[in-house]
> 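A single structure is presented below for examination.
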Amino acid sequence: MTEAWYTVLVGLVAAERMAELAVAKRNLAWSLSHGGQETGSAHYPFMVALHTGLLVGCVIEVWLTARGFSGLLGWPMLALVVASQALRWWCIRVLGYRWNTRIVLVPGLPLVTEGPYRLLPHPNYLAVTVEGFALPLVHGAWLTAVTFTALNATLLSVRVRVEDEALRSARA
């Protein structure tokens, strides 16, 4: 895989992210119109910057370092990127109008316990974590993989705590 093909791959992931944002915007409007309340918005701009930085970092690191593609690492990482996309869209499908990039709870709706949520409490964050280290490693951008993974772990420690608190208070 050349740098150009890798850039196309990152562009496809960026396009997928734009599709997610369109779904999230629609779902946010639905949730708010049904009495939803947003929680934990303070960390949201950092999350947007981090995820944008992941995509930009992937491309910049690959082009600046001119590391060659290693099929031994690259192909398995590509499979993980595809698997993480599949898991993310499974989460989106199962949550329906509840899925959002923000933490918004609509009063009176029961907790979702189907699909990947019967196996894990936060499967979407697993998808984000896997994609965050796998996408850079498709083409050996290990600095981006390590940086994103460390920063994402910090972000998720806040986000999961805030989301879990919101879910607990909604059930109380």
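What you are looking at is a predicted structure, and each value in this text was computed from that prediction instead of being measured. Computation of the quantities below employed the complete heavy-atom set of this structure, encompassing side-chain atoms and omitting hydrogens, waters and symmetry-equivalent molecules.
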> How long is the gap from CG on Asn124 to CG on Leu95, to the nearest 0.5 Å?
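CG of Leu95 is found 8.0 Å from CG of Asn124.
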> Would you call Arg26 and Tyr97 a side-chain contact if the rule is heavy atoms closer than 4.5 Å?
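Result yes, sub-4.5 Å side-chain heavy-atom pair found.
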> Any sub-3.5 Å donor-acceptor pair from Thr39's side-chain atoms to Ala166's backbone N or O?
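Absent.
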> Show the nearest heavy-atom pair for residues Pro116 and Val94, with the distance to one decimal.
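Looking at all heavy atoms of both residues, the shortest contact is CD-CG2, 3.9 Å.
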> Is there a path of hydrophobic side-chain contacts, each under 4.5 Å between heavy atoms of I/L/V/M/F/W/Y residues, joining Leu28 to Leu105?
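No; Leu28 is not reachable from Leu105 via cluster members.
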> Trp142 vs Glu61, test: side-chain hydrogen bond (donor to acceptor under 3.5 Å, both in side chains). Steps then yes/no.
CA-CA 9 Å; Trp142 61 268; Glu61 183 176 353; 4.6 Å; no
> With the 4.5 Å side-chain cut-off for hydrophobic clustering, are Leu135 and Leu12 part of the same group?
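Both belong to a single hydrophobic cluster.
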> Looking only at non-hydrogen atoms, find the nearest pair between Leu54 and Gly132 and report the distance.
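Of all heavy-atom pairs spanning Leu54 and Gly132, the closest is CD1-O, 3.7 Å.
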> Check whether any side-chain heavy atom of Ile103 sits under 4.5 Å from a side-chain heavy atom of Tyr44, and report yes or no.
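No; the side chains remain at least 4.5 Å from each other.
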> Any side-chain heavy atom of Arg88 within less than 4.5 Å of one from Cys91?
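The answer is no, as the side chains (C-beta and beyond) never meet within the 4.5 Å cut-off.
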> State, yes or no, whether a side-chain contact exists between Phe133 and Asn152 at a heavy-atom distance under 4.5 Å.
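Sidechains of Asn152 and Phe133: no contact.
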> Could you please spell out the steps behind the side chain to side chain contact (heavy atoms under 4.5 Å, CB included) verdict for Val106 and Trp30?
CA-CA 9 Å; Val106 177; Trp30 182 89; 3.9 Å; yes
> Show your reasoning for whether side chain to side chain contact (heavy atoms under 4.5 Å, CB included) applies to Lys25 and Asn100.
CA-CA 8 Å; Lys25 184 177 179 181; Asn100 208 305; over 6 Å; no
> Looking only at heavy atoms, which two atoms of Leu143 and Thr147 are closest? And how far apart?
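Here Leu143 and Thr147 meet closest at O-OG1, 2.8 Å.
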> Is Arg98 close to Val112 at the side-chain level, that is, under 4.5 Å between some pair of heavy atoms?
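When only atoms from C-beta onward are counted, Arg98 and Val112 do touch, with a gap below 4.5 Å.
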> Do you know which two heavy atoms are closest between Leu156 and Thr129, and how far apart they sit?
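Answer, listing the atom of Leu156 first, then Thr129: CD1-OG1, 3.5 Å.
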> Say whether Leu9 and Ile60 are linked into one hydrophobic cluster, either directly or through other cluster members, by side-chain heavy-atom distances under 4.5 angstrom.
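Per the 4.5 Å side-chain linkage, Leu9 and Ile60 are not co-clustered.
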> State whether the side chain of Arg118 and the backbone N or O of Thr113 hold a donor-acceptor pair below 3.5 Å, judged by distance alone.
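Side chain of Arg118 to backbone of Thr113, a donor-acceptor pair under 3.5 Å: no, none is there.
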> Tell me whether Val13 is reachable from Leu73 by hopping between hydrophobic residues (I, L, V, M, F, W, Y) whose side-chain heavy atoms are closer than 4.5 Å.
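Cluster IDs for Leu73 and Val13 match.
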> Starting at CD of Glu165, measure out to CZ of Arg161 and round the result to the nearest 0.5 Å.
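It is 5.5 Å, given to the nearest 0.5 Å.
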> Describe, in one word, how the ring planes of Tyr6 and His139 are oriented to each other, choosing from parallel (under 30°), tilted (30 to 60°) and perpendicular (over 60°).
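Tyr6 and His139: tilted rings.
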> In the single-linkage hydrophobic clustering (I, L, V, M, F, W, Y; side-chain heavy atoms under 4.5 Å), do Val48 and Val23 co-cluster?
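No, no single cluster joins them.
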> Say you draw a straight line from CG of Leu155 to CG of Leu50; how long is it, rounded to the nearest 0.5 Å?
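Here the rounded value is 6.0 Å.
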> Quick check: closest heavy atoms across Leu78 and Val138, and the distance to 0.1 Å?
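For Leu78 and Val138, the tightest heavy-atom pair comes out as N-CG2, 3.6 Å.
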> Just verifying a value: how many Å separate Trp90 CH2 and Gln85 CD, rounded to the nearest 0.5 Å?
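Reported value, rounded in 0.5 Å steps: 15.5 Å.
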> About how many Å separate CD of Glu20 and CD1 of Ile92, when rounded to the nearest 0.5 Å?
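If I round to the nearest 0.5 Å, the distance is 4.5 Å.
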> Please check: side-chain N/O of Thr149 versus main-chain N/O of Val146, any donor-acceptor pairing under 3.5 Å?
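Answer holds: no.
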> If you compare all heavy atoms of Tyr117 against all heavy atoms of Pro123, which two are closest, and at what distance to 0.1 Å?
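It is CE2-CD, 3.3 Å.
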> Counting only N and O atoms by type, is there a donor-acceptor contact under 3.5 Å from the side chain of Asn27 to the main-chain atoms of Gly96?
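Yes: the side chain of Asn27 pairs with the backbone of Gly96.
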> Looking at CE of Met77 and CG of Leu72, how far apart are the two atoms once the value is rounded to the nearest 0.5 Å?
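Met77 CE to Leu72 CG: 10.0 Å, rounded to 0.5 Å.
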> Within 45 degrees of the axis of the six-membered ring of Tyr125 and under 6.0 Å from its centre: does Arg159 put its NZ or CZ there?
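No - Arg159 does not lie over the ring of Tyr125 by the 6.0 Å and 45° rule.
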